[in-house]
Amino acid sequence: MTSVVARPLTASIEQSLPLEEADYRFLRDLIHARSGITLGDHKQRLLQGRLQRRLRSLKLDSFAAYCERVRNDPEPEMAALLSAVSTNVTRFFRESHHFDYLAKELLPKWLAAGRTRLRLWSAGCASGEEAYTLAMVLERAVRESGRSVDALILATDLSIEALEAANAGVYRVDELTDVPADLRTRWFMRGTGLHEGEARIRPELREWIRFQRLNLLERWPMQGQFDVIFCRNVVIYFDRDGKRRLFSRFAGQIQSRGYLFLGHSESMAGLSEDFDLIGRSIYQHRPGNMA
Ligand SMILES: C[S@@+](CC[C@H](N)C(=O)[O-])C[C@H]1O[C@@H](n2cnc3c(N)ncnc32)[C@H](O)[C@@H]1O
């Protein structure tokens, strides 16, 4: 997780407002209904910690008061509640074999075939590292092909805080260790003075990406279909029905024979008939099975 979105659980456990069982169950059920994120029984202290800052900023002195407010008028609070509860851990070139597959198999094949339009989606992009990694890989493939391509990466998340960090594109230098040296030199500007130890993404790379808030459980405004969808380490928090519904929606939003990448501990086994497993957590849309 980048320093920009790092959140201390609480200043001190002693000072933290207690979250009672009934209030926990209310919030847990609401979070599940609105985001698909499942919090087990052992996550009560975690949620209590994550929401302390939110209660303080709303000047509320108890979780009972917070729950009453949310119960009476949930909408204005949903984005902040879901932001507080989401886990945004990520890093550049995470599960690098996925980016190798894209760089060595998919992009050369498509570019050699004369494709002029490419659409990629980082669904659950957290603080942006996945989307910037995709942009570095995509830009290099397009540049090396010498072709002119209309290429765009849509990067979405439900967390406002994470998206702010993604938009800012500023990371700690020690978070760049997995970025190959040539790409680090090309795409990151080292901070000086007060910004020593930071690195900012160059605007030319940022131009390949459109960051947007989107809750995967709500309506998707996108019209076109994607060649590639990365949805990694997101459905890990969803129950089976939530995963099944999401995979079925992805099938409707992906090109025939398009590719869906999941996280290393995630699987579609028994949850979708629309995709074939073709590599390590890499799925291909099955032709003739368009949703
Ligand atoms: C652990 S991060 C994964 C980031 C990145 N994909 C990776 O693999 O490194 C999971 C992200 O999914 C987002 N997320 C969880 N539920 C979501 C939902 N219903 N809609 C959109 N984003 C969601 C969280 O906000 C979080 O930023």
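Position 1 is the first residue of the sequence; numbering continues from there.
Counting heavy atoms from C-beta outward, Arg210 and Ile153 have side chains that stay 4.5 Å or more apart. Residues Leu39 and Gln44 are not in side-chain contact: their nearest non-hydrogen atoms beyond the backbone lie 4.5 Å or more apart. Contact of the Asp239 side chain with the His32 side chain is registered, since non-hydrogen atoms from C-beta on lie closer than 4.5 Å. Contact of the Met78 side chain with the Asn215 side chain is not registered, since no non-hydrogen atoms from C-beta on lie closer than 4.5 Å. Proximity of Pro221 to Gln212: side-chain heavy atoms (C-beta onward) are separated by under 4.5 Å at one or more points.
Pairs passing the ring-ring contact (aromatic ring centres under 6.0 Å, His included) check and including a residue from residues 51-96, sequence neighbours excluded, read Phe92-Tyr171, Phe92-Phe188, Phe93-Phe99. For residues 223-237, every residue pair satisfying the salt bridge (charged side-chain N to carboxylate O under 4.0 Å, His left out) rule, not counting sequence neighbours, is listed here: Arg115-Asp227, Glu130-Arg232. For residues 121-147, the pairs satisfying ring-ring contact (aromatic ring centres under 6.0 Å, His included) are Trp121-Trp220, Trp121-Phe226, Trp121-Phe250, Tyr132-Phe211, with sequence neighbours left out.
Listed here is the closest heavy atom pair of Cys125 and Leu163: SG-CD2, 3.9 Å. Closest non-hydrogen pair, Ile236 versus Ser265, comes out as CD1-OG, 3.3 Å. Pairing each heavy atom of Leu134 with each of Ser122, the nearest pair is CD1-CB, 4.2 Å. The minimum heavy-atom distance linking Ser83 with Ser159 is given by the pair OG-CA, 3.4 Å. Considering all non-hydrogen atoms of both residues, Ala123 and Val234 come closest at O-CG2, 3.5 Å. For Met222 against Gln253, the heavy-atom pair with the smallest separation is O-NE2, 3.5 Å.
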>> Between Arg280 and Glu95, does the salt bridge (charged side-chain N to carboxylate O under 4.0 Å, His left out) criterion hold? Intermediate values first, please.
In response: CA-CA 10 Å; Arg280 277 163 63 196; Glu95 296 172 53; over 6 Å; no

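Not a single side chain to side chain contact (heavy atoms under 4.5 Å, CB included) links Gln223 to another residue, sequence neighbours left out. Residues meeting the salt bridge (Lys or Arg N to Asp or Glu O under 4.0 Å) test with Asp29, sequence neighbours left out: none. Qualifying salt bridge (Lys or Arg N to Asp or Glu O under 4.0 Å) partners for Asp73, counting only residues two or more places apart in sequence or in other chains: none. Every residue two or more places apart in sequence or in another chain was checked for a side chain to side chain contact (heavy atoms under 4.5 Å, CB included) with Ala22, and none qualifies. Under the side chain to side chain contact (heavy atoms under 4.5 Å, CB included) criterion, Glu20 pairs with Pro18, Asp23, sequence neighbours left out. Partners of Pro203 under the side chain to side chain contact (heavy atoms under 4.5 Å, CB included) rule, at least two apart in sequence or in another chain, are Met189. Scored by the side-chain hydrogen bond (donor to acceptor under 3.5 Å, both in side chains) test, Arg94 finds no partners at all (sequence neighbours excluded).
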Below 3.5 Å, can you tabulate the donor-acceptor pairs from side chains in residues 137-145 to any protein atom, sequence neighbours excluded?
from: Glu139; atom 1: OE1; to: Arg143; atom 2: NE; distance (Å): 3.2
from: Glu139; atom 1: OE1; to: Arg143; atom 2: NH2; distance (Å): 2.9
from: Glu139; atom 1: OE2; to: Arg143; atom 2: NE; distance (Å): 2.9
from: Arg140; atom 1: NH1; to: Asp182; atom 2: OD2; distance (Å): 3.2
from: Ser145; atom 1: OG; to: Val142; atom 2: O; distance (Å): 2.7
from: Ser145; atom 1: OG; to: Arg147; atom 2: N; distance (Å): 3.2

Without placing hydrogens or testing angles, list every side-chain donor-acceptor pair under 3.5 Å for residues 100-111, not counting sequence neighbours.
from: Lys109; atom 1: NZ; to: Tyr259; atom 2: OH; distance (Å): 3.2

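For Arg190, the CZ atom sits in a loose shell: 12 or fewer heavy atoms of surrounding residues, nucleotides or ligands are nearer than 6.0 Å. No more than 12 heavy atoms of other residues, nucleotides or ligands sit less than 6.0 Å from atom CZ of Arg200. For CZ of Arg257, the number of neighbouring non-hydrogen atoms (other residues, nucleotides, ligands) closer than 6.0 Å is 12 at most. The number of heavy-atom neighbours closer than 6.0 Å to NE2 of His264, taken from other residues, nucleotides and ligands shown, is 12 or below.
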